[in-house]
Number of protein chains: 2
Amino acid sequence: MRIALLGGTGDIGEGLALRLARDTTHEVAIGSRTEQKALEAVEEYVDRLGEELSAELSAGENVEVTVDADVVVACVPPYHVSDTVESVADVVDEETVLVSPAVGISRDDDGFHYNQPPHGSVAEVVADAAPAEVPVVGAFQNLAAGALSDLEHELGFDVVVTGDDADAKATVNAIVEDLEGLRPLDGGPLANSAEVEAMTPLLINIAMENEGLHDLGVSFH
Amino acid sequence: MRIALLGGTGDIGEGLALRLARDTTHEVAIGSRTEQKALEAVEEYVDRLGEELSAELSAGENVEVTVDADVVVACVPPYHVSDTVESVADVVDEETVLVSPAVGISRDDDGFHYNQPPHGSVAEVVADAAPAEVPVVGAFQNLAAGALSDLEHELGFDVVVTGDDADAKATVNAIVEDLEGLRPLDGGPLANSAEVEAMTPLLINIAMENEGLHDLGVSFH
């Protein structure tokens, strides 16, 4: 399977790239706005993984890596999500699974808060920006980039997966299961994504307020 | 310590009453809109706990049980929270810790959603209805009534505690620690309560969508 990470040089992109490259044998294509940046990131990931590298890593501009990708993950900040998805709209179709891991977060004196987009959630922003036939799945929103990027960090977290297309969700579930220490849980339709995204500022608040807790994830039981 | 549960005959009130009565030696006063209903609930709780009863249970109208209570938990649905808190406003003061465990939830065809009050959160609705000098703490919002009420159910959950008064939070933390299988975590100021409350519909969605998961709680790590 070919998995493209749009903005795969950013925080969450880096973490997902490293985990996918270590724990799967997929083709993982790192996208960025410039090919140079993507190439540099891949070089760094290869270097960091050393003998643990198991996937096939490649690099390119966002559009380039999206061509022929089975799964495309929009690892960009929420205010870039629409533009980024629109920029690849011509090279995705009903066979492409578009994954939304981003969360809108605002900060004030009290802490971090969920900055809900008028669409309901970032996942629905993605769906809105994508061609209607492309299935969109919300996933990975609650994973701390710091935990993902630190390959020594044992995760043990749940990943809530939302979406309206059962096949697309099954594809994402299988990827989550491939990643060591992650368990996919069905969160229902895409319209349930806001409640998933809203948990991320909570995780940051808890990490900020409690000694010894950082890069938190969550498990449900 | 005297802990009053306003609406202590409802779902979450029942669960907290049973756990407090089993795991602590506090005075636990069950409040309801009528004394008769509260008395019947206490009778049932005493019956269910049998020899496990460790606290001192009493019953009365909501106002009556609030008098001289150190901690008052507003275990009422969100649309009754304002009225209930206003009804006891004359018998609480700066020494009373007012706890908000309620969550506004709406349901549509997709699932359950956080129904955010204009105040920001139910905890802030409580603060708005209470006299200004009474410290308000958000806690217990993410506990499934079904799990709490089933005394065989081993919890193993985190309770996020929010509030602006450190002493009031410390009082609530100590109660949480008394309850078997619960760990208090600081969620920061009361203004961070929305993110805590929003997790409850997520827990229900996950329970609805995943075989074998029900009465879910959460742990952060």
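In what follows, chains are A, B, ... by sequence order, proteins preceding strands, each numbered from 1.
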Should the heavy atoms of other residues, nucleotides or ligands under 6.0 Å from CD of B/Glu44 be counted, would the total exceed 12?
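Yes, the 6.0 Å shell around CD holds more than 12 heavy atoms from other groups.
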Close approach to chain B in [range], criterion heavy atom under 4.5 Å:
| range | answer |
| --- | --- |
| residues 156-182 of chain A | A/Gly156, A/Phe157, A/Val160 |
| residues 72-104 of chain A | none |
| residues 18-27 of chain A | none |
| residues 196-221 of chain A | A/Val196, A/Ala198, A/Met199, A/Pro201, A/Leu202, A/Leu203, A/Asn205, A/Ile206, A/Glu209, A/Asn210, A/Leu213, A/Asp215, A/Leu216, A/Gly217, A/Val218, A/Ser219, A/Phe220, A/His221 |

Which heavy atom in A/Asp110 sits nearest to a heavy atom in B/Ala191, and how many Å separate them?
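The answer is OD2-CB, 3.2 Å.
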